[in-house]
Amino acid sequence: MTAYTATVEVRLKHGVLDPEAETTERALERLGFELDDLRAADRFEVDLDAESADDARERAGEMAERLLANPTIHDYEVSVEER
């Protein structure tokens with residue numbers, strides 16, 4: 001078994017209302033920043049032991065599907081690094 005850190009980044013799909021991002025975007029524009037778009041995201045880092053990076057990625061993807069993200073309204077991305 002090898003130690004890995006799987007990072008799961010979860011964000012709302014395009015077209016789903018994102019009030020947190022909208023509020024932040026307006027505040028940044030009031031501060032003088034020009035933006036095309038802004039989206040909020042949650043990031044989860046999971047330390048786990050697995051046989052391979054692919055196994056760690058698969059397990060983290062299952063975690064995202066079952067709890068970390070709602071596939072109806074969220075997109076998520078999983079990346080894995082050996083630690």
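What's counted below: heavy atoms across the whole structure, side chains too, no hydrogens, waters or symmetry copies. Throughout, numbering of the chain's residues begins at 1 and tracks the sequence.
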Measuring from Asp18:CG to Leu38:CG, what's the distance to the nearest 0.5 Å? 8.0 Å

Are any non-hydrogen side-chain atoms of Val8 and Met63 less than 4.5 angstrom apart? no

In this structure, would Leu12 and Tyr76 fall into the same cluster of hydrophobic residues linked by side-chain contacts under 4.5 Å? no

For the residue pair Val80 and Ala56, what are the closest heavy atoms and their distance? CG1-CB, 4.0 Å

So, for Leu17 and Glu22, which heavy atoms are closest and what is the spacing to 0.1 Å? CD2-OE2, 4.1 Å

Nearest heavy-atom neighbours spanning Ala50 and Asp55: CB-OD2, 3.4 Å

Flag if over 12 foreign heavy atoms under 6.0 Å of CD, Glu20: no

Mind checking the CG-CG spacing from Asn70 to Asp75? Nearest 0.5 Å is all I need. 11.0 Å

Are Glu51 and Met1 close enough that some pair of their side-chain heavy atoms sits under 4.5 Å apart? yes

Separation between CD (Glu77) and CZ (Arg43), nearest 0.5 Å, reads 10.5 Å

Given the rule in the side-chain contact (heavy atoms from CB on, under 4.5 Å) test, do Arg59 and Leu48 qualify, once you have shown the distances and angles that lead to the verdict? CA-CA 9 Å; Arg59 289 175 55 200; Leu48 54 101; 3.8 Å; yes

Any non-hydrogen side-chain atom of Thr7 less than 4.5 Å from a side-chain atom of Glu81? no

What's the spacing between Tyr4 OH and Asp47 CG if we round to 0.5 Å? 13.0 Å

Near Arg83 CZ, under 6.0 Å, is it more than 12 heavy atoms from other residues, nucleotides or ligands? yes

Measuring from Leu67:CG to Phe44:CZ, what's the distance to the nearest 0.5 Å? 7.5 Å

Can you tell me how far apart NE2 (His74) and CZ (Arg11) are? Round to the nearest 0.5 Å. 10.5 Å

Mind listing the closest non-hydrogen atom pair of Ala40 and Ala21 along with its distance? N-CB, 3.6 Å

Is it the case that atom CD in Glu58 sees more than 12 heavy atoms from other parts of the structure closer than 6.0 Å? no

Any idea which heavy atoms bring Ala3 and Asp49 closest together, and the distance? CA-OD1, 3.4 Å

